[in-house]
Amino acid sequence: MGVHVILEIDPRYQGVTAEQIPVTELDGARARVVAGTFNGVTGPVKEILAEPLYMDVSVDPGKSLSIPLPPEHTVVMYLFEGEALLERE
């Protein structure tokens, strides 16, 4: 027997400018953190029920980047150019 929960939440928009999005630099990688926290940097978009980690990431050729995520999270990635290999640790 399952339990169904219905949440009534009004949609809302959080306007953010490029200048408000913090950047964190790693060895050969940069991440602009829009929502959530990565590498000690928290994005300006807050109070989202799903607690997403939303970033714009650049990785230099020959470098790699590991992004730890909770096991219950789903990963969605849009690759603009180059190649990527996703692995589960």
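- Heavy atoms from other residues, nucleotides or ligands lying under 6.0 Å from CD of E72 number more than 12.
- A search for ring-ring contact (aromatic ring centres under 6.0 Å, His included) contacts involving F80 returns Y78, not counting sequence neighbours.
- V75 and L65 fall within a single hydrophobic cluster, where Ile, Leu, Val, Met, Phe, Trp and Tyr side chains are chained together by heavy-atom contacts under 4.5 Å.
- Looking at heavy atoms from C-beta onward, V33 lies out of side-chain contact with I21 at the 4.5 angstrom threshold.
- Counting heavy atoms from C-beta outward, M55 and V34 have side chains that stay 4.5 Å or more apart.
- In terms of the side-chain hydrogen bond (donor to acceptor under 3.5 Å, both in side chains) criterion, residue partners of T17 (sequence neighbours excluded) are, by chain and number, E19, Q20.
- Residues V57 and L26 fall within the same hydrophobic cluster, defined by Ile, Leu, Val, Met, Phe, Trp and Tyr side chains chained together at heavy-atom separations under 4.5 Å.
- Residue L85 is found outside any hydrophobic cluster, as its side-chain heavy atoms come under 4.5 Å of no other Ile, Leu, Val, Met, Phe, Trp or Tyr.
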Could you go through residues 36-48 and list every donor-acceptor pair under 3.5 Å that involves a side-chain atom there, pairing it with any protein atom two or more places apart or in another chain?
from, atom 1, to, atom 2, distance (Å)
T37, OG1, T42, OG1, 2.7
N39, ND2, T24, OG1, 2.6
K46, NZ, G43, O, 2.8

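- Residues passing the side-chain contact (heavy atoms from CB on, under 4.5 Å) test with P71: none are found, sequence neighbours excluded.
- Residues L53 and V23 do not share a hydrophobic cluster, clusters being chains of Ile/Leu/Val/Met/Phe/Trp/Tyr side chains in contact below 4.5 Å.
- For residues 49-63, the pairs satisfying salt bridge (Lys or Arg N to Asp or Glu O under 4.0 Å) are D27-K63, R30-D60, R32-D56, with sequence neighbours left out.
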